[in-house]
Structure formats: C-alpha cells, structure tokens
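Bear in mind that the values here come from a model prediction, so they are computed numbers and not experimental data. Numbers for residues simply follow the sequence, beginning at 1. Just follow the structure's listing: the first ligand is 1, and inside any ligand the first atom is 1. Every heavy atom of this structure was used, including side-chain atoms; hydrogens, water molecules and symmetry mates were not.
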Amino acid sequence: MLLKGKKILISGLANKYSIAAGIAHAMHREGAELAFTYQNERLLKNLKPIAEDLNVDILIESDVSSDESIENSFKELKKSWPKFDGLVHSIGFAPADQLEGDFVDVTTREGFKIAHDISSYSFTALAKSAKPMLNDGAALLTLTYLGAIQTLPNYNVMGLAKASLEANTRFLAASLGKDNIRVNAISAGPIKTLAASGVKNFRKMLTQHSSRAPLGRTVTTEEVGNAAAFLCSDYASGITGEITYVDAGFNTAAMPLNEIE
Ligand code: 0WD
C-alpha cells in the first residue's frame, strides 16, 4: 500500500468520469484517507455516491475563483485534519467561446484572465492556504496537458494557461522544497470527461491520439490515478518540479511508424 497513513485532499471531482475520480480510487486502494472539495452545491449530488464508496466523510465546498471560499474551506478542513499529507489540484476552466475557432480571433482579455485564474493561479492559492497544514514530506499534484508546450486545434488559451500551470509547478517546487514539500504535475493524454467535452471536436482528438501514440490507444483515469498515487507517495521522495506524461507515449512520437511503411 503506497499511501498507508496519508491524508490527501482531492479537488476537481465533478463526477465519476473525472480524472480526480480515477485518482481518488487509486489513492483509496493504496490506503490513503481522503477528503474532497467541490465547486458548488450543484456538484455535491454527483460526489456523494463516490464519497460513500470510498469511505470519505469530509466534503467541503471550495470555489477557487474566490479567496474567501478557499480560506473557509481550509478552516473547515482544519477541524478534522489539523495536518495533512497531500493535495490534488484537478481543476481547469476556460469560457466555452475561447475553446472553439481560430486562436487569434476568439481569444479575449476576459477569457485569457479567467482561464489563467481558474486553471493556474488556483494551484498557487491552494498551496498558499495548505502550506501551514502540510506535514513534512507532503506532496502537491496538478493535472496539465500537452497544449502547454505544443499547439493543437481549439485548445487555444487553455494551452497558455497550462504553460503557466507547468511553470507554477516548478516555482512552487522551488519555493516549498526547503519545507520538504514536493510539487509535481501529470500531463494526461485526452480522456472523455465533462471538461474535455468543452473542447470542440474532442472525439477526433481521441482518434488522432490512438493512431500516433506508441501504445496505440488513449489512457484511462485509472492509469492517471496510479501515477498520481506514486507521485504523492514516499516512493517519489526524490521527484519534484516535474511534469510526468501519462499519455501512452503520444508526446514522444513525431509520426506513427505505420505512416511511412
Ligand atoms: O482530456 C482530459 N480530460 C484532460 C484533462 C487531459 C489533460 C489534463 N486535463 C486536466 C484538466 O484541464 C483539469 O485541469 O485535468 C483536470 C481535471 O479535468 P477533467 O477530469 O478532465 O474534467 P472534469 O471532470 O470536468 O473536472 C474539472 C473540474 C470542474 O468540472 P466542470 O466540468 O464542472 O467545470 O474542475 C472544477 C469542476 O469541478 N472546477 C472548479 N473547482 C473549483 N472552483 C472550478 C472552480 N472555480 N472551476 C472548475
């Protein structure tokens, strides 16, 4: 059991298809005690059956667009967990009109601001609030995507926000290293979730992915969850500031082998 005795707070669990759900299952299996945050009441009904399944009784509202909401959520958590060992940030958002069409035409100041605020700054904000409550050897983890370093259609301003999130991971790692707190990111391959369905033609991206990835397929939330469990465990005690790809190798292949045979 990789995570026996660890207390880990997981955000961004919107429903059973969420990447955070795969992470929660893997961490529960590895012996972690879990707490969940949710954006608002509307999402609570999807969360309850998953929480029941995994024996999670700490469910706390936290809308990362509000400093007050974040602050209240950690005050609430402190009542049950004065100290804890890990935090998973599985949150991303950009207005729908930013994720369809030509980047230069559709990107607005407001869209840019929201995407960066919710998808990147929120990781810093959560780290800031969590810091006094984190045990020695704690780990923070976020979820990023290849759009941070390479272009692809329709991902647009989310790519910029993910580039910021990846730099955020490195700066947080540098900042928190002296407290023996590690900070890492998983760059997941495309998975059909609620957030992903906001990206136009997402289905076609899945097909493209399978045809180029060395493993010839997409990845599952369980596979992302397994890597997350490892990165938050003491087995990863020497790893920080890293972006780990869980994408069936897609980012390593410039061209599928069968293309020129
Ligand atoms: O292909 C994919 N699905 C990939 C996702 C590939 C690589 C990375 N990712 C990233 C996403 O960008 C995101 O950072 O993984 C993370 C989790 O995304 P997900 O599991 O794909 O999507 P989803 O199940 O929708 O969870 C994201 C959740 C939100 O769901 P909705 O769809 O309702 O916006 O982020 C949460 C919310 O629960 N969220 C917030 N939480 C607190 N405060 C906020 C907010 N303001 N906004 C969104």
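- Counted within 6.0 Å of NZ on K204, heavy atoms from surrounding residues, nucleotides or ligands total 12 or fewer; the atom is thus considered open.
- For the pair I19 and ligand 1, the shortest N or O to N or O distance falls below 3.5 Å.
- Of all atoms in ligand 1, numbered sequentially from 1 with element shown, those under 4.0 Å from a heavy atom of L143 are 10 (C), 14 (O), 15 (O), 16 (C).
- Atoms of ligand 1 found under 4.0 Å from any heavy atom of L194, numbered from 1 in the order shown, are 25 (O), 32 (O), 33 (O).
- Of all atoms in ligand 1, numbered sequentially from 1 with element shown, those under 4.0 Å from a heavy atom of L43 are 38 (O).
- For a threshold of 3.5 Å applied to N or O pairs, the pair formed by T193 and ligand 1 contains at least one separation below that value.
- Residue D63 approaches ligand 1 through these ligand atoms, each under 4.0 Å from one of its heavy atoms: 43 (N), 45 (C), 46 (N).
- By the 4.0 Å heavy-atom criterion, H89 is excluded from the residues contacting ligand 1.
- At a 4.0 Å cut-off, at least one heavy atom of G189 sits close enough to ligand 1 to count as contact.
- Looking at ligand 1, you won't find any N or O of R42 less than 3.5 Å from one of its N or O atoms.
- Under the 4.0 angstrom criterion for non-hydrogen atoms, F202 is in contact with ligand 1.
- Using a 4.5 Å cut-off on side-chain heavy atoms (C-beta onward), F93 and I114 make contact.
- Checking atom 34 (O) of ligand 1 against the protein gives no heavy-atom contact under 4.0 Å.
- Counting atoms of ligand 1 from 1 in the listed order, those under 4.0 Å from a heavy atom of K162 are 10 (C), 11 (C), 12 (O), 13 (C), 14 (O).
- Looking at M158 next to ligand 1, no N or O pair under 3.5 Å apart turns up.
- For ligand 1, the polar-atom distance check finds an N/O of V64 within less than 3.5 Å of one of the ligand's N/O atoms.
- Close N/O approach between A20 and ligand 1 is not found [any backbone or side-chain N/O within under 3.5 Å].
- Contact annotation: the side chain of L77 approaches that of F84 to within less than 4.5 Å [non-hydrogen atoms, C-beta and beyond].
- Checked by atom type, the side-chain pair S164/S120 shows a donor-acceptor distance below 3.5 Å.
- Side-chain N or O atoms of H209 include one that pairs as donor or acceptor with a backbone N or O of D247 at under 3.5 Å.
- In this view, S233 and L2, L3, F230, Y235 satisfy the side chain to side chain contact (heavy atoms under 4.5 Å, CB included) rule, not counting sequence neighbours.
- The one candidate from I23, L87, L54, L141 that meets the side chain to side chain contact (heavy atoms under 4.5 Å, CB included) condition with I10 is I23.
- For ligand 1, the atoms closer than 4.0 angstrom to any heavy atom of A14 are 24 (O), 30 (O), 38 (O).
- Heavy-atom proximity to A196, at under 4.0 Å, picks out these atoms of ligand 1: 3 (N).
- The pair E223-R217 meets the salt-bridge criterion, since a charged nitrogen lies less than 4.0 angstrom from a carboxylate oxygen.
- Checked against a 3.5 angstrom limit, the closest N/O atoms of Y145 and ligand 1 fall outside it.
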